[in-house]
There are 2 protein chains.
Amino acid sequence: MQNPLGPIDRKILRLLQHNGDLTAAEVAEKVELSQSPCWRRIHRMQEDGLIERKVALLNPKLLGLSMTVFVNIKLSAHGRSNLEEFEQAIVGYPEVLECYTMAGGSDYLLKVVAKDIAGYERFLRDQLLQRPHVQEAHSNIAMSEVKRTTELPLD
Amino acid sequence: MQNPLGPIDRKILRLLQHNGDLTAAEVAEKVELSQSPCWRRIHRMQEDGLIERKVALLNPKLLGLSMTVFVNIKLSAHGRSNLEEFEQAIVGYPEVLECYTMAGGSDYLLKVVAKDIAGYERFLRDQLLQRPHVQEAHSNIAMSEVKRTTELPLD
DNA sequence: TGTGAAAAGGCGCAAAC
DNA sequence: GTTTGCGCCTTTTCACA
């Protein structure tokens with residue numbers, strides 16, 4: 001892997017993380033390069049894992065997923081196996097989009113989506129709170145979305 | 001727009017939000033359909049906005065973005081224009097990936113990425129805290145990532 | 001690294017059934 | 001929804017500066 005990312009590569013990445021449908025030729029045009037080297041750069045960055053994959057982004061509202069909730073979880077037992085078991089379960093829940101271990105007050109922060117309050121409560125009551133060693137779960141409900149992007153800063 | 005999403009469409013979406021490189025033919029094969037109707041379904045869902053767009057997902061670690069911070073913001077003045085001005089600024093910051101208005105304690109929740117503590121502090125001190133009417137900013141630092149996906153639940 | 005060209009096959013898209 | 005087909009375009013490679 002060839003690390004120090006040049007300005008051209010940055011530009012390519014910026015384009016691609018905004019529109020994954022762009023072909024090598026289209027990208028080449030926008031970065032003022034010819035096809036081949038542009039294609040090679042893209043290809044290399046994919047192999048390096050810098051470009052992880054391409055995905056289709058869906059519209060949550062149109063799918064009826066109008067709720068986003070951030071949940072702070074605290075466990076009552078912090079043995080290695082307890083943590084691992086909890087984390088594995090989390091990965092398996094499709095309604096949990098993100099999960100981080102946190103410094104400070106709570107052990108985990110989860111980002112959860114649901115259709116509505118009822119749907120969220122069902123997930124909370126029947127799934128999350130049923131897990132062993134879950135001591136606290138503080139739900140913070142998002143009322144509206146100001147910004148949501150997958151584009152990382154490239155400066 | 002043709003609303004009640006059938007099980008085949010769901011399956012298509014599930015595939016596409018996992019791998020956006022799949023061609024209509026490949027999707028068709030996996031959902032046991034022939035090319036054309038599959039292509040038409042995908043095309044329709046794009047026009048309907050259900051499939052918003054395709055993007056390349058980059059690896060934050062390899063870009064040196066090893067920090068994720070969730071920031072709770074409280075404003076001191078909640079006039080319409082203050083809120084709008086703040087939100088516009090937020091949208092303009094590339095290091096802010098997500099921002100929601102929250103029910104409860106704080107006004108906004110931001111998800112911010114940075115290279116390291118120093119980089120984050122610079123953003124906090126020089127950008128966020130410099131904005132008018134920002135009263136409080138509580139930073140919650142993510143230590144490790146258990147799960148991170150853009151795939152929405154489709155059940 | 002860059003440029004230009006070229007082969008081959010795949011893909012989008014539409015028509016007819 | 002199916003099968004068929006056309007033609008463009010994309011990807012991928014090579015020789016060369």
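Quick note on labels: first sequence line is chain A, next is B, and so on, each numbered from 1.
- For the residue pair A/A77 and A/N82, the shortest heavy atom distance occurs at CB-ND2, 3.4 Å.
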Note to self: For a quick check, with a 4.0 angstrom heavy-atom cut-off, what is the B/S/- contact string for nucleotides 2-17 of chain D, read 5' to 3'?
What the structure shows: BBB-----SBBB----

Show me the donor-acceptor pairs within less than 3.5 Å that the side chains of residues 60-75 of chain B make with the rest of the protein, sequence neighbours left out.
unit_1: B/S66; atom_1: OG; unit_2: B/K115; atom_2: O; d: 3.0
unit_1: B/N72; atom_1: ND2; unit_2: B/S106; atom_2: OG; d: 2.9

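- Side-chain contact, A/E84 with A/S81: no donor N or O sits under 3.5 Å from an acceptor N or O.
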Can I get a per-line list of side-chain donor-acceptor pairs under 3.5 Å for residues 86-98 of chain A, giving both atom names and the distance, sequence neighbours left out?
unit_1: A/E87; atom_1: OE2; unit_2: A/Y108; atom_2: OH; d: 2.6
unit_1: A/Y93; atom_1: OH; unit_2: A/R131; atom_2: NH1; d: 3.3
unit_1: A/E98; atom_1: OE1; unit_2: A/Y100; atom_2: OH; d: 2.5
unit_1: A/E98; atom_1: OE1; unit_2: B/K111; atom_2: NZ; d: 2.7
unit_1: A/E98; atom_1: OE2; unit_2: A/K111; atom_2: NZ; d: 3.1
unit_1: A/E98; atom_1: OE2; unit_2: B/K111; atom_2: NZ; d: 3.2

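- The CZ-P distance, from B/R41 to C/dA14, rounds to 18 Å in whole Å.
- In this structure, B/Q46 places its CD atom 16 Å from P of C/dC11, rounding to the nearest Å.
- When the P atom of D/dG1 is taken as reference, atom CD1 of B/I42 falls 13 Å away, rounded to whole Å.
- Once rounded to the nearest 0.5 Å, the distance linking CZ of B/R41 with CD1 of B/I51 reads 12.0 Å.
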